[in-house]
Number of protein chains: 2
Amino acid sequence: MEQDALGSESLDRAFMALADPVRRAMVARLSRGDATVNELAEPFAITKQAVSKHIQVLEHAGLVTRSRDAQRRPVHLDAAALERLTAWIDQYRLIAESRFRQLDQLLGAGVSHHEQENTPAKKKEELK
Amino acid sequence: MEQDALGSESLDRAFMALADPVRRAMVARLSRGDATVNELAEPFAITKQAVSKHIQVLEHAGLVTRSRDAQRRPVHLDAAALERLTAWIDQYRLIAESRFRQLDQLLGAGVSHHEQENTPAKKKEELK
DNA sequence: TCATTGATCAACTGATTGGTTGATTAAGAG
DNA sequence: CTCTTAATCAACCAATCAGTTGATCAATGA
């Protein structure tokens, strides 16, 4: 049932990585081209060690990769990893939206209600 | 600075809310219909207080809403909030992908004049 | 060789989080 | 009224995290 082809921990790290404005700004910067730690550190008032940690978080989350070019370690954004995240979210968003449309048809047009509906049947599953 | 029309803190909370397997399972469950705290707690081996906190996290992140039905407080998934997240990710994913395609063409032409690219010798990476 | 630059490692601190137990509110049902 | 159910509040604890300073590594250039 779980089509988590990319493991729960991987999603943990990916979403956690994006749950920080500094790292999101880095993603935004990297979308325009590879950059080094120092270049990524410039806009922020934090030490380079902190920036290095942020990049390690992004790397461990699979969102960026790194290569070596002399002393420099350019950081590269992995667009495919971003796509995997949107795929996970859309999976459930589309289910919810289609369910909402079904309900809207059942209630008939013109009935403006607040969005609450009950599940037709309670499925009590036990998995621990 | 931030061109986030949604506010940085809102994105912080939304991504952070999804960076937890319990809360993601709740989102998956809620995509199939509204549910109460107790219903959401069933699959997990944690107390209902902990589940209540998880739901508060989702609610504070704007991913779910709640209403009142007698004693029950059904939780409702907000599909529009999920869409805002995918929109944020796609914004940068598409930039990165278009840049990747541009670079791919320039490699065929020979000379790169891209101002932001630091690694002219970059070549295609393997797709996963 | 030595100095410089880019980047990381190690240890520490303060703040935050996830979970618990126990008490409490709110709304019915008897 | 009391009793039960649903859910939250409050206090607390262990674990984790963001950021710092200081030392170290790796590659290059003098």
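In the text below, chain A, chain B and the rest are named by the order of the sequence lines, each starting its count at 1.
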Give the rounded distance in Å between these two atoms: [atom1] of [X] and [atom2] of [N].
| X | N | atom1 | atom2 | value |
| --- | --- | --- | --- | --- |
| Arg24(B) | dG18(C) | CZ | P | 13 Å |
| Glu39(B) | dA6(D) | CD | P | 9 Å |
| Gln56(B) | dA6(D) | CD | P | 18 Å |
| Glu42(A) | dG6(C) | CD | P | 11 Å |
| Ile55(B) | dG18(C) | CD1 | C1' | 15 Å |
| Asp12(B) | dC17(D) | CG | C1' | 14 Å |
| Phe44(A) | dA18(D) | CZ | C1' | 14 Å |

State which of dT8(C), dT8(D), dA6(D) makes the closest approach to the side chain of Ser52(A).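 Per side-chain heavy atoms of Ser52(A), the pick is dT8(C).
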Can you tell which of dG18(C), dG19(D), dT8(C) lies closest to the side chain of His54(A)?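 Per side-chain heavy atoms of His54(A), the pick is dG19(D).
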Distance (rounded to the nearest 0.5 Å) between Ile46(A) CD1 and Lys53(A) NZ: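 One gets 11.0 Å once the value is rounded to the nearest 0.5 Å.
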Where do N or O atoms of nucleotides 24-30 of chain C meet protein N or O atoms at under 3.5 Å, pair by pair?
none

Taking for each residue the nucleotide of DNA chain C bearing the nearest heavy atom, is the 5' side occupied by Val37(A) or by Asp20(B)?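 Whichever sits nearer the 5' end wins; that is Val37(A).
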On a heavy-atom basis, which atom in Gly62(B) and which in Ala81(B) lie closest, and how many Å separate them?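 Heavy atoms only, the tightest pair is O-CB, 3.3 Å.
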Over all atoms of both residues, closest heavy-atom pair of Lys48(A) and Ala41(A):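 Scanning both residues, the minimum pair turns out to be CG-CB, 4.4 Å.
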Are Leu85(B) and Leu11(B) packed together at the side-chain level, in the sense that at least one heavy-atom pair is separated by less than 4.5 angstrom?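 They are in contact (side-chain heavy atoms under 4.5 Å apart), so the answer is yes.
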For nucleotides 20-22 of chain D, list the nitrogen or oxygen atoms of the protein found under 3.5 Å from its nitrogen or oxygen atoms, one pair per line.
unit_1	atom_1	unit_2	atom_2	d
dT20(D)	OP2	Thr47(A)	N	2.8
dT20(D)	OP2	Thr47(A)	OG1	2.8
dT20(D)	O4	Lys53(A)	NZ	3.3
dG22(D)	O6	Gln49(A)	NE2	2.7

Under the side chain to side chain contact (heavy atoms under 4.5 Å, CB included) test, which residues partner [X], sequence neighbours left out?
| X | answer |
| --- | --- |
| Arg13(B) | Glu9(B), His60(B), Ala61(B) |
| Ala87(A) | none |
| Arg66(B) | Val37(B), Ile55(B), Glu59(B), Arg73(B), Val75(B) |
| Ile95(B) | Ser31(A), Arg32(A), Tyr92(B) |

Holding to side-chain hydrogen bond (donor to acceptor under 3.5 Å, both in side chains), I want the full list of residues that pass it with Arg93(A), two or more places apart in sequence or in another chain.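 Counting only residues at least two positions away or on another chain, Arg93(A) forms a side-chain hydrogen bond (donor to acceptor under 3.5 Å, both in side chains) with Asp90(A), Glu97(A).
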Among residues at least two apart in sequence or on other chains, which ones pass side-chain hydrogen bond (donor to acceptor under 3.5 Å, both in side chains) with Asn38(B)?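 Expected list: none.
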Hey, does the side chain of Asn38(B) come within less than 4.0 Å of dT5(D)'s phosphate (OP1/OP2), counting only N and O?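 Indeed not, no polar side-chain atom of Asn38(B) lies that close.
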Below 4.0 angstrom from OP1 or OP2 of dT8(C), is there any side-chain N or O of Arg66(A)?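 So the side chain of Arg66(A) is within the cut-off, an N or O lying under 4.0 Å from OP1 or OP2 of dT8(C).
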Any side-chain donor near an acceptor of the partner, Arg24(A) and Ser8(B), under 3.5 Å: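 Arg24(A) vs Ser8(B): donor-acceptor pair found between side chains.
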Could you identify which residues cluster with Met16(B), counting Ile, Leu, Val, Met, Phe, Trp and Tyr as linked when any side-chain heavy atoms lie under 4.5 Å apart, either directly or through a chain of such contacts?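 Noted: Met16(B) shares its cluster with Met16(A).
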Pull out every protein N or O sitting under 3.5 Å from an N or O of nucleotides 14-17 of chain C, one pair per line with the distance.
none

